[in-house]
Amino acid sequence: MGRVLRILRWRVRRQRRVRRWGLRAEGLFRVLILGGTTEGRALAAACAAMPGVEVISSLAGRTSKPLLPTGRVRVGGFGGAEGLAAYLREEAIAALVDATHPFAATITAHAADASSRVGVPLLVLRRPGWAEQPGDDWHRVPTLESAAALLPELGERIFLTTGRQSITAFAQVDSCWFLSRSVEQPTPPMPKHLKILLDRGPFTLDGEHALLTEHRIEVLVTKDSGGPTAKLDAARAHGIPVVLVDRPPLPPEAPTVPTIEATLTWLGRL
Ligand code: NAP
C-alpha cells in the first residue's frame with residue numbers, strides 16, 4: 001500500500017513538473033510577444049514558422065476588432081508587472097519580446113520589471129523613428145500637451161493622427177479646427193471644433209494628399225511612431241508644418257532591436 005501511495009505521489013509531482021517545464025523538456029521554446037502592432041503580428045507569423053517554437057501574442061484589448069496574429073492569442077492587461085511576472089512563470093515562458101507601440105510606455109516598463117523578477121530574457125522590438133528630410137518643416141515636442149500649446153501659432157486647421165487616447169490633450173484648443181483620424185471612436189473630452197474620421201492604415205500617398213486638400217489642412221500632428229511615411233510625404237509636398245511628439249524613453253536595461261530579423265537572431269541565440 002505504502003509503495004502504491006509513493007508511486008501515486010511521485011506521478012502527481014511529475015505531472016506538475018511536466019506541466020511547468022514540459023515545453024522545455026520536450027525541446028519546445030515558448031515565446032510571449034507583447035503585441036498590438038504590425039511588427040508584433042509579423043513576428044508572431046515568423047516565430048510560428050520556426051520548428052520547436054510556440055508563440056503566444058498578448059493584446060491589450062483596446063480595439064473591438066483587432067487584427068489577430070498567428071498562433072495563440074490572449075487579450076487584456078496582466079494586472080501590472082507583478083501579474084505579468086506571474087504569467088511568465090505559469091506559462092513557462094522562455095523568452096519575452098516587447099513589440100508594443102513606441103508610445104505604450106507603461107507595458108514596456110512592466111515588461112522590464114517582470115523580466116528581471118522572473119529571469120526571463122526580454123528584448124524590445126521597436127521600429128526606428130522618422131528622420132527629417134529636406135523640405136520638411138518639423139516641430140519636435142516632448143509631449144502631447146506641448147503639441148497642443150504650439151498649435152495656435154502654426155495654423156488653424158489641424159490634422160490629428162495621434163490616436164484615440166490622445167485626443168483629450170487637445171480638448172482645450174478652441175481656436176483650432178481638428179480632423180481627427182483613429183481606428184476607434186474617441187471619447188470626451190474632445191476639441192470643440194472637430195470632425196472624426198474612423199479609419200485604419202496603411203494609408204496611401206494619394207489618399208493623404210486628398211485628405212489634406214479636401215479639409216484645407218494647415219498643420220499635421222503625429223507621434224514619432226515610425227513606419228509608413230505617406231502622411232509625412234504628403235505634408236512635405238503641401239508645404240505644411242508637422243508637429244511631431246517625441247517617443248518616451250526606453251527602459252535602459254532592456255536590449256532593443258529595430259527589425260524582425262534581429263529579433264529572430266536573438267531568439268535563435270537563446
Ligand atoms: P500602455 O499605456 O503602455 O499600457 C497600459 C496598460 O494596458 C498596461 O499597464 C497593461 O495593463 C495593458 N497593456 C498594454 N499593452 C498590452 C499588451 N500588449 N498585452 C496586455 N496588456 C497590455 O499601453 P497603451 O498605450 O494603452 O497601448 C495598448 C496597446 O495598444 C499596446 O499593445 C500597443 O502596442 C497598442 N497601440 C498603442 C498605441 C499608442 O499610441 N499608445 C498605438 C497603436 C497601438 P496591466 O498593467 O493590467 O498589465
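Atoms within each ligand, like the ligands themselves, are counted from 1 in listed order. Position 1 is the first residue of the sequence; numbering continues from there. Just so you know, these numbers come straight off a predicted model, no measurement behind them. As a basis for the values below, the full set of heavy atoms in this structure was taken, side chains included, without hydrogen atoms, waters or symmetry mates.
When only non-hydrogen protein atoms are considered, atom 2 (O) of ligand 1 lies nearest to T106 OG1, 3.6 Å. Distance from atom 18 (N) of ligand 1 to its nearest protein heavy atom, with residue and atom name: S58 O, 3.0 Å. The shortest contact between atom 40 (O) of ligand 1 and any protein heavy atom is with K223 NZ, 2.7 Å. With respect to atom 48 (O) of ligand 1, the closest heavy atom belonging to the protein is F78 N, 2.7 Å.
When all heavy atoms are compared, the tightest approach of L264 to A46 is CD1-CB, 3.9 Å.
When side chains are defined from C-beta on, V221 counts as touching F170, because their heavy atoms get closer than 4.5 Å. Using a 4.5 Å heavy-atom cutoff, the side chains of E132 and R140 are not in contact.
Near T100, meaning under 4.0 Å from one of its heavy atoms, ligand 1 places the atoms 18 (N), 32 (O), 34 (O). Residue Q165 approaches ligand 1 through these ligand atoms, each under 4.0 Å from one of its heavy atoms: 26 (O). Numbered from 1 in the order shown, with element, the atoms of ligand 1 that lie under 4.0 Å from a heavy atom of T37 read 34 (O). If you number the atoms of ligand 1 from 1 as listed, the ones under 4.0 Å from a heavy atom of G35 come out as 18 (N), 31 (C), 32 (O), 33 (C), 34 (O). Listed by atom number, the atoms of ligand 1 under 4.0 Å from G77 heavy atoms are 11 (O), 21 (N), 45 (P), 47 (O), 48 (O).
Within the 4.0 Å heavy-atom cutoff, P102 does not count among the residues contacting ligand 1.
Closest to atom 26 (O) of ligand 1 by heavy atom, among H110, R62, E82, R164, is R62. Looking at S182, A104, G79, S166, it is G79 that brings a heavy atom closest to atom 47 (O) of ligand 1. The nearest non-hydrogen atom to atom 29 (C) of ligand 1, considering only G36, G80, A60, comes from A60. Of the candidates T63, L59, I107, I107 brings a heavy atom nearest to atom 10 (C) of ligand 1.
With a 4.0 Å cut-off on non-hydrogen atoms, H101 touches ligand 1 through its backbone as well as its side chain. Of the heavy atoms in A105, only backbone atoms (N, CA, C, O) come closer than 4.0 Å to ligand 1.
Salt-bridge formation is not detected for the pair E184/R62: no Lys NZ or Arg NE/NH1/NH2 atom is positioned less than 4.0 Å from an Asp or Glu carboxylate oxygen. Taking 4.0 Å as the cut-off between side-chain N and carboxylate O, E208 and R181 count as a salt-bridged pair. The pair R157-E218 does not count as a salt bridge, with every side-chain nitrogen at least 4.0 angstrom from each carboxylate oxygen.
Rounded to the nearest 0.5 Å, atoms CG (D246) and CZ (F103) are 7.0 Å apart. Atom CE of M50 and atom CZ of F29 lie 8.0 Å apart (nearest 0.5 Å).
With R126 as the partner, the side chain to side chain donor-acceptor pair (under 3.5 Å) test is satisfied by one option alone out of T37, T108, T259, T256: T108.
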N/O donor-acceptor pairs under 3.5 Å from side chains in residues 230-242, not counting sequence neighbours:
unit_1	atom_1	unit_2	atom_2	d
K231	NZ	T161	OG1	3.2
K231	NZ	T222	OG1	3.1
D233	OD1	R236	NH1	3.3
D233	OD1	R236	NH2	3.4
D233	OD2	T229	OG1	2.9
R236	NE	D136	OD1	2.9
H238	NE2	H209	ND1	3.0

